[in-house]
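Numbering of residues begins at 1 and proceeds along the displayed sequence. Keep in mind that this is a model prediction, so the values were computed, not measured. Indexing begins at 1, ligand by ligand and atom by atom, following the structure's order.
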Amino acid sequence: MISSTSVQSTPAAQSAAAGASRLLHSNVHHLSFFLPLQHHHRHSRRQSLRIRAIDAAQPYDLEARLVKRLNQSTRLKIAIIGFGNFGQFLAKALIRQGHTVYAHSRSNYRLIAESIGAGFVPDPHDLCEQHPDVMLICTSIISTESVLRSLPLQRLRRNTLFVDVLSVKEFPKNIFLQVLPPHFDILCTHPMFGPESGKHSWQNLPFVFDKVRIGAEDSRLARVENFLDIFRNEGCRMVEMSCEEHDRYAAGTQFITHTTGRILEKLQLESTPINTKGYETLLDLVENTAGDSFDLYYGLFMYNENAMEQLERLDLAFEALKKELFGLLHEVLRKQLFGKSEEGDVRPVLGKLPKRESPMLPPGAPQ
Ligand code: NAP
């Protein structure tokens, strides 16, 4: 059924609702028609009948048309800024769900964009003049600030929704709050999966979001929900948390994961005929992280204030482990060298000490 709240959800919804209302009135008008009266009437007269209730049977499927219009009203016009690895990956899902996508990037991705059903708009002025409902920032973490500052924001609609998908969250939140005018809405998100880990399905994969600043109007609240619905519809596990909290957790999980993946990548692990499950996990980890750009990894380090501490802890943990191993090794060697004496026997005496004057010879060399 068509609910009045959904009709008034977004500006697009409002215009669809107005359109639907016009459609109804025009139908009422057009559906006034003449029927011949019963045959037993002596004089053939015609009488005007007017349909007054929309529940009355219609000569065509009016409701289906209204529903179609309303569905269209929940569809968003989304501009993706940064059409690299992750931007393209997201675009496919947005288009599959019926949203209109305009891609914009430093490099020319026209052919790729068109092949998946998106428009490619290389000029940022042209892009903003499309008046997208959502500006979705998918640039590398380290380029985000300069990209954002270079956009002609004045060409956008007054209450455009800005969303980012950066793998760190406090940083884009602060930049958005600094750069965007107060009448723009801000939603910071992190889909915690990528083209590799989410290539088959997004079912149960975590999607973190923080509604940093959303205007109180119904249409603006509904627009954010429409956007979040994209991920709900794909089955993501929706996790609402502050950007600060995200970064604390992410440094201990995502940064450690990427660092471990990159260390293992340097070891050039190879598959063997006797792979254990654990080893397969390591190979998978390398595959999942090696595809990401170094910019992304570097961004995780530079733009999450908790990352340095995690790197130090990783270093300490490695040192502590080595210490433990070397400590045991040392004990074994000591036992070999001094074991008998330590058990109360005679201390081993070195065979012959080389004479002071004689040249130092390697052990076992004939004297
Ligand atoms: P990335 O290396 O982090 O970003 C590549 C994108 O940044 C490309 O669109 C690239 O544009 C743009 N870019 C880089 N330097 C630029 C510059 N100086 N000026 C303008 N644009 C620049 O790789 P990514 O995997 O596509 O990630 C994009 C964003 O999604 C990142 O913020 C990342 O943290 C986030 N994210 C990624 C994943 C993932 O699994 N990959 C998952 C969740 C979130 P051109 O290609 O046109 O040069």
Quick one: does [X]'s side chain have a donor or acceptor within less than 3.5 Å of a partner on [Y]'s backbone?
X    : Y    : answer
N275 : T272 : yes
K92  : I116 : no
H131 : R155 : yes

- Query: E170 versus H246: any side-chain heavy-atom pair under 4.5 Å?
  - Reply: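 With C-beta onward as the side chain, the pair stays apart.
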Side-chain donor-acceptor contacts of residues 139-148 below 3.5 Å, not counting sequence neighbours, with atom names and distances?
residue, atom, partner, partner atom, Å
T139, OG1, T144, OG1, 3.1
S140, OG, S143, N, 3.3
S140, OG, S143, OG, 2.8
S143, OG, S140, O, 3.3
T144, OG1, S140, O, 2.8
E145, OE2, R149, NE, 3.0
E145, OE2, R149, NH2, 3.0
S146, OG, S143, O, 3.1

- Message: Heavy-atom contacts with ligand 1 below 4.0 Å: which residues, ordered by chain and residue number?
- Response: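 Residues near ligand 1: G82, F83, G84, N85, F86, S105, R106, S107, Y109, C138, T139, S140, I141, S143, V147, V165, L166, S167, H190, P191, F193, G194, P195, D292, S293, D295, L296.
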- Distance flag, aromatic centroids of F86 and F89, threshold under 6.0 Å: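 Centroid distance F89-F86: below 6.0 Å, so yes.
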